[in-house]
Amino acid sequence: MTALVTIALFFRCLKGLIFLVVFSFLYIPMIILIVYSFNSSRLVTVWADFSIKWYFELIHNETLLKAVGLSLSIAAGAATFAVVLGTLAAYAVIRFRRFRGSNLFSFMTTAPLVMPDVITGLALLLLFVGMGQVLGWPKDRGAITIWMAHATFCTAYVTVVISARLRELDKSIEEAALDLGANPLKVFFIITLPMIAPALVSGWLLAFTLSLDDVVIANFVTGPGAMTLPKLIFSKVRLGVDPQINALATIILLIVGIIGFVSWLWMRNAERRRINETRMH
């Protein structure tokens, strides 16, 4: 009995140690970044005094703020368009399995997941150049081409997220609505969409993050007139990390953390309501 208790305590301590190591590996770099955003020294690796001057300088940095605004607008637009396309693609794959070319369609929608960013960026660059020569549009590569490129590869991720949700969805509710006289379009908007709403939110947040984080594809499909935040940070890091970047990263972490926590609470409550309604039926 003593040996069993000892083994149980050992595995419990080992479990806590694993959690500690994993979370330390994930979040200690972020904590260090937040701490050094309050460093008064311009050298980010040398601590001087506590100061918030970099936050005040960030407010007056028009170049950096313009890059933030451009990146946020592109990410929001790409995520929204990716959710629309991903929802349609996932619905076609899961609900209409028996159509000609369904396996090819399913493979093609998820192929960008394993495609290297360099290959994707080069392919999109050649596409936009060809469109400019044949159609005369786009004349210049900029925010529009970045938005199109990001929506393209983000659609694959959104499709996977929504497909997983549709697979576990109870089809009997949709079939009951059809039996009661509702047309398929009404069933989709009134029944299906509210039930997969948590997946839509998760897919949108994932696509938004991927678009906001991308620098490789954006380098291929943009011109000199559109400077996104990742490109600006990457160019500054070559000359040394600007302390204002630490301040900006801290603000972004705070905003993303709040949005992620609120989304998690909303999705958890929605899932609980769905489980309770399923048990009642």
Side-chain angles (χ1 to χ4, degrees), residues 19 22-23 25-27 29-31 33-34 68-95 109-110 112-113 147 150-177 182 184-214 229-230 248-281:
F19 284 156
V22 171
F23 281 106
F25 181 79
L26 291 175
Y27 292 104
M30 299 182 187
I31 295 174
L33 184 146
I34 294 173
V68 172
L70 179 63
S71 293
L72 291 177
S73 60
I74 291 175
T80 303
F81 194 62
V83 166
V84 174
L85 293 180
T87 302
L88 296 176
Y91 194 83
V93 170
I94 303 302
R95 288 293 184 261
T109 53
T110 56
L113 292 173
W147 168 74
H150 286 184
T152 299
F153 76 85
C154 287
T155 299
Y157 292 90
V158 175
T159 301
V160 172
V161 173
I162 298 178
S163 296
R165 177 63 174 170
L166 283 173
R167 284 192 181 94
E168 65 180 21
L169 201 64
D170 188 4
K171 292 181 61 176
S172 61
I173 301 177
E174 297 173 315
E175 293 172 353
L185 187 63
K186 186 175 182 179
V187 171
F188 177 76
F189 284 103
I190 302 300
I191 303 298
T192 307
L193 278 185
M195 295 180 69
I196 64 173
L200 298 179
V201 175
S202 299
W204 192 92
L205 291 174
L206 177 60
F208 181 85
T209 303
L210 291 171
S211 175
L212 190 63
D213 183 61
D214 175 69
L229 179 62
L248 177 62
T250 301
I251 296 174
I252 292 176
L253 285 174
L254 177 63
I255 295 174
V256 170
I258 294 174
I259 294 175
F261 182 72
V262 172
S263 301
W264 173 76
L265 285 178
W266 180 80
M267 288 187 289
R268 186 188 66 172
N269 294 333
E271 186 66 18
R272 286 181 177 178
R273 286 196 301 268
R274 186 185 69 85
I275 294 174
N276 292 333
E277 290 175 358
T278 303
R279 290 176 178 176
M280 292 176 61
H281 291 294

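For reference, positions follow the sequence shown, starting with 1.
- For the atom pair NE2 of His150 and CD1 of Ile74, the computed distance is 7.0 Å after rounding to the nearest 0.5 Å.
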(request) Evaluate the side-chain contact (heavy atoms from CB on, under 4.5 Å) criterion for residues Ile34 and Leu254: first the C-alpha distance (whole Å), next the side-chain angles of each, then the deciding distance (0.1 Å), finally the verdict. (result) CA-CA 10 Å; Ile34 294 173; Leu254 177 63; over 6 Å; no
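- Residues Val161 and Ala199 share a closest heavy-atom pair of CG1-O, 3.7 Å.
- A distance of 6.0 Å separates CG in Leu212 from CG in Leu72, rounded to the nearest 0.5 Å.
- Counting heavy atoms from C-beta outward, Pro112 and Thr152 have side chains that stay 4.5 Å or more apart.
- Using cut-offs of 30° and 60° on the angle between ring planes, the pair Phe23 and Tyr27 is parallel.
- Note: Leu253 CG to Ile258 CD1 = 11.0 Å, rounded to the nearest 0.5 Å.
- When all heavy atoms are compared, the tightest approach of Ser211 to Ala78 is OG-CB, 4.1 Å.
- Of the listed residues (Leu88, Val201, Leu206, Leu200), just one forms a side-chain contact (heavy atoms from CB on, under 4.5 Å) with Val83, and that residue is Leu200.
- A distance of 15.0 Å separates NZ of Lys171 from CD1 of Ile191, quoted to the nearest 0.5 Å.
- Side chain of Asp214 to main chain of Leu210: no donor-acceptor pair is present (N/O by atom type, distance under 3.5 Å, no hydrogens or angles).
- The shortest non-hydrogen separation linking Ala90 to Ile162 is CB-CG2, 3.8 Å.
- Here the side chain of Thr155 pairs a donor or acceptor atom with the backbone of Ala151 at under 3.5 angstrom.
- Contacts classified as side chain to side chain donor-acceptor pair (under 3.5 Å) and involving residues 185-209 (residues at least two apart or in different chains) are given here: Thr80-Trp204, Glu174-Thr192.
- Within the model, atoms OH of Tyr91 and OG1 of Thr159 stand 15.0 Å from one another, a figure rounded to the nearest 0.5 Å.
- You'll find the side chain of Leu248 reaches within 4.5 Å of the side chain of Leu229, heavy atoms only.
- The aromatic rings of Phe81 and Trp147 sit tilted, their planes meeting at an angle between 30° and 60°.
- Counting only heavy atoms from C-beta outward, the side chains of Leu169 and Leu166 approach each other to under 4.5 Å.
- Side-chain atoms of Thr250 and Leu33, non-hydrogen and from C-beta on, do get closer than 4.5 Å to each other.
- Although no hydrogens or angles enter the test, the distance criterion places no donor-acceptor pair under 3.5 Å between the side chain of Arg165 and the main chain of Ala197.
- Considering only heavy atoms from C-beta on, Thr87 comes within 4.5 Å of Phe188 through its side chain.
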